[in-house]
Amino acid sequence: MTSNFIRSGLSLLLAATAFQALAQDFPNRAMTMVMPYAAGGPGDTITRVFAGAMQKHLGQQIVVDNTAGASGSIGTAKVARAKPDGYTLLMIHVSHATNQAMYKSLPYHPVDDFEPVGRATSGPMVIVTRNDFPAKNLSEFVAYLKANGSKVSLAHAGVGSASHLCGLMMMNALNVKLNEIPYKGTGPALTDLMGGQVDILCDQTSGTVPSVKTGKIKAYAAAGKARLPQLPEVPAITDAGVEGFDINISFGLYAPKGTPKPVLAQLTAALQKSVGDAEVRQRLEAMGISAVSQEQASPEALRAHLKNEIDTLGGLLIKAGVKAN
Ligand code: MLT
């Protein structure tokens, strides 16, 4: 009895020491931040802002890995399977909630297979089109969609993505059915929009404000109740009497389940410093995005935010009869 007791006590002590050593030594090499959408999109832009800021605070390089496809679920599964040592992170938004409702068999569970590190940003969306779209203003835009329906193509980043949700809300609010064209991210979708291969995209401002300002695409409405400070001349969709349509997209940072608590605490501390960085806040603000408060950049706030999105948006998609596979 005594020797077993001593043996199990020793093994516990050894595990705790190894655990402590991992945390004290963390990070001692480059890290990876997976962005599960294509390079050049709004999510990629936000991820690179935080990878740049957090690597300064952690003292190790953070490489952004765009593992895209299947509405972000391929990149997300990659992080769920990664070693829980703090060196592989996931930056993701609403699709972490909606994919669970969209896919019958996801290779991960959005809550059980991840440790929340903290929330990073929140931001609005804007309805944009190719720059020769035949409507002079928002009311002509609405009339054109109602008159042409599925002859009009709507780009998005896959079922349950932010751009898909926004497109769905727009189609529901206007009672129209457009021809949906899915992409691996709205970066490639924007390229086709500028080339005139696709007509409309509802995207986050971090992917669209620069192109609207340079006239490469046209913005018809902010996808909500309020105009965007960065695009003051663009009306809110509610200005055209369109109700029931107000979307805001929030990104959060996750680590694989089982990542040691002291390591998670260091990651959260680096995220909280980053959301407080003046340079981070200015860069995001120029794109119409807000960094969250340091209090919101916490595991508890991200856990609560994800639960709310799973409970609300997942239901909305199921009610709309949307399924991915
Ligand atoms: C989306 O949900 O539409 C994605 O965030 C687009 C992207 O980041 O490429």
Side-chain angles (χ1 to χ4, degrees), residues 4-36 39 43-44 46-67 74-92 96 107-121 251-281 283 291-303 305-306:
N4 279 342
F5 181 75
I6 290 167
R7 247 198 308 278
S8 60
L10 271 177
S11 55
L12 272 175
L13 185 65
L14 282 173
T17 317
F19 198 94
Q20 200 57 29
L22 172 69
Q24 270 160 0
D25 196 25
F26 177 83
N28 61 17
R29 64 181 189 280
M31 305 163 65
T32 300
M33 191 177 284
V34 173
M35 166 22 64
D44 181 53
I46 288 171
T47 303
R48 291 177 191 277
V49 169
F50 280 91
M54 285 182 70
Q55 67 185 11
K56 275 192 296 200
H57 296 303
L58 289 164
Q60 289 292 345
Q61 189 193 8
I62 299 181
V63 177
V64 173
D65 167 0
N66 297 91
T67 298
I74 294 174
T76 304
K78 181 175 187 177
V79 177
R81 290 192 304 270
K83 204 166 159 222
D85 57 9
Y87 288 93
T88 307
L89 304 173
L90 172 70
M91 180 68 90
I92 193 166
H96 200 50
Y108 60 83
H109 187 281
V111 177
D112 301 346
D113 293 332
F114 294 88
E115 304 284 2
V117 173
R119 293 185 64 195
T121 64
F251 278 86
L253 195 62
Y254 294 87
K257 188 73 179 173
T259 303
K261 294 230 175 310
V263 169
L264 288 170
Q266 284 180 261
L267 292 169
T268 298
L271 177 62
Q272 288 175 332
K273 286 179 194 152
S274 302
V275 297
D277 284 350
E279 189 202 340
V280 166
R281 301 186 78 85
R283 283 183 68 188
V292 301
S293 65
Q294 293 190 316
E295 185 204 359
Q296 279 293 305
S298 65
E300 301 71 31
L302 180 55
R303 190 175 289 115
H305 185 85
L306 175 61

*Asks:* Mind checking the CZ-CE spacing from F251 to M35? Nearest 0.5 Å is all I need.
*Replies:*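 Taking CZ in F251 and CE in M35, the distance rounds to 4.5 Å.
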
*Asks:* Find out whether M54 and M33 are in side-chain contact, i.e. whether some heavy atom of one side chain is under 4.5 Å from a heavy atom of the other.
*Replies:*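 Yes, at least one pair of side-chain atoms sits under 4.5 Å.
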
*Asks:* Could you give the distance from NE2 (H57) to CD (Q266), rounded to the nearest 0.5 Å?
*Replies:*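 These two atoms lie 14.0 Å from each other.
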
*Asks:* Hey, are the side chains of L302 and V117 touching, using non-hydrogen atoms and a 4.5 Å cut-off?
*Replies:*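 A side-chain contact under 4.5 Å is absent here.
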
*Asks:* For the CZ atom of F114 and the CZ atom of R303, what is their distance to the nearest 0.5 Å?
*Replies:*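 Here the interatomic distance stands at 14.0 Å.
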
*Asks:* Where is the tightest heavy-atom contact between M91 and T47, given as atom of each residue plus distance?
*Replies:*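 Taking every non-hydrogen atom into account, CG-OG1, 3.5 Å.
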
*Asks:* Where is the tightest heavy-atom contact between T259 and G86, given as atom of each residue plus distance?
*Replies:*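 Minimum heavy-atom separation between T259 and G86: CG2-N, 3.7 Å.
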
*Asks:* Any side-chain heavy atom of Y254 within less than 4.5 Å of one from V79?
*Replies:*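 A side-chain contact is absent here, since even the closest heavy-atom pair is not under 4.5 Å.
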
*Asks:* Which residues pass the side chain to side chain donor-acceptor pair (under 3.5 Å) test with N28, sequence neighbours left out?
*Replies:*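 D25, Y87.
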
*Asks:* Using 0.5 Å steps for rounding, measure from the CD1 atom of I46 to the OG1 atom of T121.
*Replies:*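 Going from CD1 on I46 over to OG1 on T121, the span is 4.0 Å.
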
*Asks:* Do you know the tightest heavy-atom contact between V280 and A53?
*Replies:*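 What the structure gives for the nearest pair is CG2-CB, 3.5 Å.
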
*Asks:* Measuring only between side-chain heavy atoms, which start at C-beta, is L253 closer than 4.5 Å to F50?
*Replies:*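 L253 vs F50: side chains apart.
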
*Asks:* Let's go through D277 and K273 carefully: what are the C-alpha distance in whole Å and the side-chain angles of both, what is the deciding distance for salt bridge (charged side-chain N to carboxylate O under 4.0 Å, His left out) to 0.1 Å, and is it a yes or a no?
*Replies:* CA-CA 6 Å; D277 284 350; K273 286 179 194 152; over 6 Å; no

*Asks:* Please identify each residue that fulfils side chain to side chain contact (heavy atoms under 4.5 Å, CB included) with A297, with sequence neighbours left out.
*Replies:*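 Here the qualifying residues are L271, Q272, V275, V292.
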
*Asks:* Closest heavy-atom contact between P36 and G75?
*Replies:*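 Here P36 and G75 meet closest at CB-CA, 4.0 Å.
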
*Asks:* So L267 and E115, do their side chains get closer than 4.5 Å, heavy atoms only?
*Replies:*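 E115 vs L267: side chains apart.
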
*Asks:* Identify the heavy atoms of P256 and A80 that sit nearest to each other, and give their distance.
*Replies:*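 P256 and A80 have their closest heavy atoms at CB-O, 4.5 Å.
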
